[in-house]
Amino acid sequence: MPELPEVETVRRGLEKAMVGRRINQVMVRRSDLRRPLPENFSDMLSGRKITQLDRRAKYILIHLDSGNVVLVHLGMSGRMVIEQGTQVEVPARKHEHIALSVGNGTVVRFSDPRRFGLMDLTPKEKLFNHPLLKLMGPEPLGAGFNALNLLTSLKGRKMPIKSALLDQRVVAGLGNIYVCESLFMAGVSPRRITQNISVLRAERLVSAIKLILRDAIKAGGSTLRDHVTPTGEMGYFQYRFKVYGREGELCESCKKPVKRIVQAGRSTFFCASCQR
DNA sequence: ATTGGTTCCTGCTGGC
DNA sequence: TGCCAGCAGGAACCAA
């Protein structure tokens with residue numbers, strides 16, 4: 001499931017194939033994604049040159065020479081795949097919703113079986129006032145994400161730290177997998193209530209999050225079910241999970257079994273002995 | 001106001 | 001072997 005490292009991997013792959021190219025054809029097969037595609041989506045993209053590809057949290061931002069920006073969110077099962085020597089009319093796979101032809105027989109295809117993903121369009125100057133981005137917290141790999149900042153945003157709140165780290169307003173881009181792994185690396189219990197997070201624990205958490213995200217990006221993200229790079233290769237970080245999906249296996253560090261609990265409706269994997 | 005629960009969606013899997 | 005309930009989860013929404 002695409003979290004920040006997977007989205008960054010996809011962004012890097014798309015950047016090579018798309019920046020400097022002109023979108024000469026847009027095919028919309030389904031517009032009822034997580035939120036409906038803007039009505040003029042095709043018209044606003046057609047004929048536009050792609051100037052830049054950025055990422056904000058789990059969003060890919062495609063900058064157009066018209067001054068508009070396309071926001072792409074992959075949701076749970078979204079894929080962006082580059083194909084050579086093909087045409088937009090021919091769907092590459094089931095559940096392909098959008099295809100962009102960017103010249104030289106190159107087609108970028110967005111598929112998303114579960115349709116939790118979305119695309120939207122906004123003028124560049126309104127980008128960070130966009131409702132989806134406006135309330136978003138700091139980029140975890142940026143200087144704006146540090147222990148002090150984290151403690152401030154957790155102050156007075158009473159929820160398990162696991163849930164807080166999934167809240168995109170606290171830090172933007174983490175999902176269930178990297179939160180579990182970060183908490184393990186930091187030795188912090190997922191059940192610990194946010195207001196009881198000490199400075200030391202906040203520092204360890206911030207370091208762990210940055211380290212894990214950087215390593216995961218280097219590994220091309222994690223391929224569990226859906227994630228592939230735009231050129232179809234898989235990521236490798238799943239082989240380095242210490243706790244995620246490892247219920248019952250022995251903790252590498254203390255050899256006690258990894259536990260699974262449910263918090264806010266989703267699985268948390270952790271070592272009750274190493275994480276306090 | 002904050003927080004936890006529910007919902008959307010489809011594909012995969014585990015248990016009978 | 002085959003079927004199907006249940007699970008996977010990002011984030012908006014709802015209710016307490």
Side-chain angles (χ1 to χ4, degrees), chain A residues 1-11 29-37 55-61 71-80 91-98 110-120 130-137 139-140 152-183 190-197 209 213 216 221-228 234-235 237-238 241 243-248 258 260-270:
Chain A
M1 21 250 77
E3 302 180 28
L4 189 150
E6 290 73 39
V7 176
E8 177 60 19
T9 301
V10 171
R11 187 200 68 80
R29 309 200 120 76
R30 273 195 92 138
S31 54
D32 55 333
L33 306 179
R34 173 125 186 97
R35 54 160 57 192
L37 214 58
R55 179 189 54 74
R56 171 72 171 113
K58 299 173 194 170
Y59 289 88
I60 293 168
L61 308 174
L71 283 78
V72 181
H73 195 290
L74 300 176
M76 281 290 301
S77 56
R79 284 188 185 188
M80 297 281 280
R93 51 188 291 135
K94 208 177 163 186
H95 303 297
E96 181 185 303
H97 308 312
I98 294 163
F110 173 75
S111 63
D112 183 10
R114 271 160 273 188
R115 305 210 318 279
F116 282 9
L118 65 88
M119 288 200 197
D120 202 1
H130 190 283
L132 294 167
L133 301 183
K134 196 175 181 176
L135 299 176
M136 202 159 259
E139 277 294 314
T152 305
S153 63
L154 297 180
K155 201 175 175 184
R157 300 186 64 178
K158 295 176 189 172
M159 54 159 60
I161 185 66
K162 159 76 186 317
S163 304
L165 293 174
L166 284 174
D167 185 339
Q168 303 297 298
R169 292 168 301 184
V170 172
V171 55
L174 300 180
N176 204 34
I177 294 172
Y178 294 103
V179 166
C180 288
E181 293 299 314
S182 299
L183 285 164
R191 292 188 280 212
R192 182 168 285 274
I193 297 302
T194 49
Q195 60 184 6
N196 299 331
I197 295 288
I209 288 166
L213 293 180
S222 306
T223 298
L224 289 186
R225 295 167 191 88
D226 298 295
H227 168 67
V228 288
M234 62 184 279
F237 197 73
Q238 66 277 14
F241 292 168
V243 286
Y244 184 83
R246 295 191 180 277
E247 181 183 15
V258 171
R260 185 181 82 92
I261 57 173
V262 174
Q263 293 178 291
R266 49 196 56 116
S267 292
T268 300
F269 298 91
F270 71 114

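First the proteins, then the strands, lettered A, B, ... as listed; each starts at 1.
Residues A:L165 and A:S182 form no side-chain contact, since every pair of their non-hydrogen atoms from C-beta on lies 4.5 Å or further apart. When side chains are defined from C-beta on, A:L213 does not count as touching A:E8, because their heavy atoms never get closer than 4.5 Å. At a threshold of 4.5 Å between non-hydrogen side-chain atoms, the residues A:D112 and A:L33 do not count as touching.
Residue A:V243 comes nearest to A:E181 through the heavy atom pair N-OE2, 3.0 Å, listed as atom of the first residue, atom of the second, then distance.
Contact annotation: A:K94 side-chain N/O to B:dG11 OP1/OP2 distance is under 4.0 Å.
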Atom pairs under 3.5 Å: protein N/O with N/O of nucleotides 11-14 of chain C:
from, atom 1, to, atom 2, distance (Å)
C:dA11, OP1, A:H73, NE2, 2.6
C:dA11, OP2, A:K58, NZ, 3.1
C:dA11, OP2, A:Q168, NE2, 3.3
C:dA11, N6, A:R266, NH2, 3.0
C:dA11, N3, A:R34, NH2, 3.3
C:dA12, O4', A:R34, NH2, 3.1

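Look at CZ on A:R79: it is 17 Å from P on B:dT10, rounded to the nearest Å. If you take CZ of A:F269 and C1' of C:dC7, they are 11 Å apart, rounded to a whole angstrom. Remark: C1' of C:dG9 and OH of A:Y178 are 15 Å apart, rounded to the nearest angstrom. The nearest whole Å value for the distance from the CE atom in A:M76 to the P atom in B:dT7 is 18 Å. Summarising the geometry, the separation between CZ on A:R115 and P on B:dC9 is reported as 6 Å, rounded to the nearest angstrom. The nearest whole Å value for the distance from the CD atom in A:Q263 to the C1' atom in B:dT6 is 18 Å. A:D167 places its CG atom 13 Å from the P atom of C:dG10, with the value rounded to the nearest Å. In this entry the distance linking OH of A:Y244 with P of C:dC7 reads 14 Å, nearest Å.
Here the nucleotide nearest the side chain of A:H95, chosen from B:dC8, B:dT3, B:dT10, is B:dT10. Considering only side-chain atoms of A:R114, the nucleotide from C:dG10, B:dC9, B:dT3 that sits closest is B:dC9. If you check B:dG11, C:dA8, C:dG9 against the side chain of A:R260, the one that comes closest is C:dA8. Distances from the side chain of A:P160 to the nucleotides B:dG4, B:dT10, C:dG10 place B:dG4 closest.
Using a 4.0 Å heavy-atom criterion, one finds that A:S77 contacts no nucleic acid atom at all. When heavy atoms are screened at a 4.0 angstrom cut-off, A:R30 is found touching no nucleic acid atom at all.
In this structure a side-chain-to-backbone donor-acceptor pair under 3.5 Å is missing from A:Q263 to A:S163.
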